[in-house]
There are 2 protein chains.
Amino acid sequence: MSLLDASLIADVPPFYGIEREKLIALLSMAGSERYEKDRTIFSQGEEAHSFFLLLDGHIRVVRVTPDGDQVIARYISSGEIFGIAHAMGLENYPANAVAAVDCVVLSWSGSLWKTITEKYPTFATNTYKTVGARLQDTQDRVVELATERVEQRVATAILKLANQTGRKTEEGILIDFPISRQDISEMTGTTLHTVSRLLSAWENAGLVKSGRKKITLIEGHKLALIAAGDHNK
Amino acid sequence: MSLLDASLIADVPPFYGIEREKLIALLSMAGSERYEKDRTIFSQGEEAHSFFLLLDGHIRVVRVTPDGDQVIARYISSGEIFGIAHAMGLENYPANAVAAVDCVVLSWSGSLWKTITEKYPTFATNTYKTVGARLQDTQDRVVELATERVEQRVATAILKLANQTGRKTEEGILIDFPISRQDISEMTGTTLHTVSRLLSAWENAGLVKSGRKKITLIEGHKLALIAAGDHNK
DNA sequence: CGAAGCCTTGATGCGCCTCAACGTACGTGG
DNA sequence: CCACGTACGTTGAGGCGCATCAAGGCTTCG
């Protein structure tokens with residue numbers, strides 16, 4: 001805990017505009033932990049004991065239905081807060097959070113929520129903006145699921161991932177964490193089979209290059225056309 | 001404006017737990033307006049000049065896609081706040097709001113948002129809870145759209161409407177505002193044809209009774225089975 | 001080196017959209 | 001108040017997008 005330095009979070013969106021001194025105070029209340037790949041940070045239904053900031057890594061937020069289907073709500077990238085049930089007046093986490101790669105996570109006890117938001121209104125504002133942005137984002141997905149075909153949704157998902165977490169390589173933009181066909185299907189409401197077929201077709205057309213749990217975006221513009229519903233063929 | 005009385009909003013969720021005196025102050029900052037059926041309160045993309053409280057009526061919140069498809073984001077019932085782009089740090093409304101019946105609406109200028117939330121933290125907390133609840137709700141719809149069949153989604157939508165706004169009649173629970181097959185289809189990501197067929201089938205089975213822009217729920221329990229994905233037949 | 005996890009590709013079928021045509025209730029103006 | 005036009009609802013026929021079922025290849029890891 002004493003290893004934490006204010007510079008760790010100074011340049012991270014939720015803490016923009018907060019004085020260095022206050023950052024140190026905030027950090028002194030936080031715990032830090034490393035989560036290896038595939039480890040669960042919190043589970044759906046569990047009492048919301050803490051809220052979190054992802055310092056490094058990628059986290060997958062997943063909802064599970066009563067009959068076992070999984071739906072990926074979102075991926076969290078480093079610098080984002082998550083598990084903020086407290087900000088929404090929830091007493092339990094509404095989804096699972098799982099490390100998609102090895103992660104470093106800061107956490108604050110939920111009992112500090114009230115104090116922190118009162119004492120650091122900038123942080124509160126930033127957080128509510130985040131919640132708002134996620135609501136927007138989720139609404140967009142509803143519209144997509146309701147109006148677009150699978151092909152478009154998968155294309156959109158890949159473009160979004162590439163923008164959010166893409167790493168430039170010599171071949172193109174590589175999605176920076178292991179992601180399977182099944183993962184993509186759980187983001188887009190389809191099956192791994194359909195995703196596999198689409199990726200194969202796109203690979204033949206030179207739009208992407210993909211392998212086991214790995215996707216590289218080559219021709220973003222062309223994929224964007226598909227996402228927009230181009231019926232070119 | 002001077003006709004407004006504190007009792008108007010004292011028993012309305014966003015204002016729970018605020019002293020009468022403060023309520024009067026809040027009301028003195030608000031404008032009130034009547035919107036006849038089908039009139040637009042605000043439009044998607046428009047600059048967010050105000051935020052609103054629905055005193056009486058029902059409001060439909062609709063997103064429109066670039067190619068003209070409509071998706072109903074939610075219905076607002078009396079006592080709810082809406083158009084709270086400010087709470088989420090948005091500068092523009094993300095959807096259209098249209099009066100589903102004649103409505104009475106209070107509005108506050110967006111420029112008051114900061115002052116009001118600072119001065120009345122209870123109101124702020126209540127509002128953020130609302131945003132959180134809507135995020136939850138929207139996530140649920142994503143899961144539904146991604147995993148359930150049309151039949152289940154339509155059943156769920158009707159049950160939800162009946163619970164939210166149902167009025168007990170001698171026949172059953174009547175959804176308290178005019179709602180077309182098309183409206184239901186825009187809530188559930190299907191077509192009016194499919195909704196029509198489903199309602200016909202359910203009417204024959206005695207689960208609902210429906211007419212022009214009118215739906216009455218008769219056998220809620222049986223419809224709930226369908227919503228849950230019962231494959232009885 | 002074997003086993004488990006991930007990916008691919010074909011065959012088949014069905015849920016639901018699409019297209020089409022017609023019936024029915026509403027409200028508006030003559 | 002009745003006649004007409006428009007909006008809403010119903011129902012059928014046909015077809016396609018995608019899930020489902022099935023089988024096999026490849027990669028990674030213990």
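The structure presented is a predicted model; accordingly, all values stated were derived computationally and were not measured. Within every chain, numbering begins at 1; the chains are lettered A, B, ... in the order of the sequence lines, protein sequences first and strands thereafter. Just so you know, these numbers use all the heavy atoms, side chains as well, and skip hydrogens, waters and symmetry mates.
Electrostatic pairing of A:Lys222 and A:Asp230 does not count as a salt bridge here, judged by no charged N lying under 4.0 Å from a carboxylate O. We find that A:Lys160 and A:Asp137 are joined by a salt bridge, their nearest charged nitrogen and carboxylate oxygen being less than 4.0 Å apart.
A donor-acceptor contact under 3.5 Å links the side chain of A:His193 to the base of C:dT9. For D:dG9, its base never sits under 3.5 Å from the side chain of B:Arg197 at any donor and acceptor pair.
Remark: P of D:dG9 and NZ of B:Lys209 are 15 Å apart, rounded to the nearest angstrom. When the C1' atom of D:dT10 is taken as reference, atom NZ of B:Lys213 falls 17 Å away, rounded to whole Å. Here C:dC17 presents its P atom at 14 Å from CG of A:Leu145, a figure rounded to the nearest Å. Taking atom NZ on A:Lys214 and atom C1' on D:dT28, their separation rounds to 15 Å, with Å as the unit. Between the CG atom of A:Asp183 and the C1' atom of C:dC6 there is a distance of 11 Å, given to the nearest Å. Residue B:Arg181 contributes atom CZ, which lies 19 Å from atom P of C:dG23 at whole-angstrom precision. For the pair B:Gln182 CD and D:dA7 P, the interatomic distance rounds to 13 Å; values are reported in whole Å.
Across C:dT9, C:dC6, D:dT10, the shortest atom-to-atom separation from the side chain of B:Ser200 is found for D:dT10.
With sequence neighbours excluded, the residues forming a ring pair (Phe, Tyr, Trp, His ring centres under 6.0 Å) with B:His58 are B:Phe177, listed by chain and number. Looking at residues two or more places apart in sequence or on another chain, you find no salt bridge (Lys or Arg N to Asp or Glu O under 4.0 Å) involving B:Glu46.
A sub-4.0 Å separation between OP1 or OP2 of D:dT11 and a side-chain N or O of B:Ser196 is absent. Regarding contacts with the backbone of C:dG5, every side-chain N or O of A:Arg212 stays at 4.0 angstrom or more from both OP1 and OP2.
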For nucleotides 14-16 of chain C, which of its nitrogen or oxygen atoms have a protein nitrogen or oxygen under 3.5 Å away, and what is each distance?
residue: C:dC16; atom: OP1; partner: B:Val150; partner atom: N; Å: 2.9

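B:Ser180 comes within 4.0 angstrom of sugar-phosphate atoms only, judged by non-hydrogen atoms across all strands, and of no base.
B:His49 pairs with exactly one of B:Trp108, B:Phe42, B:Tyr93 by the ring pair (Phe, Tyr, Trp, His ring centres under 6.0 Å) rule, that one being B:Tyr93.
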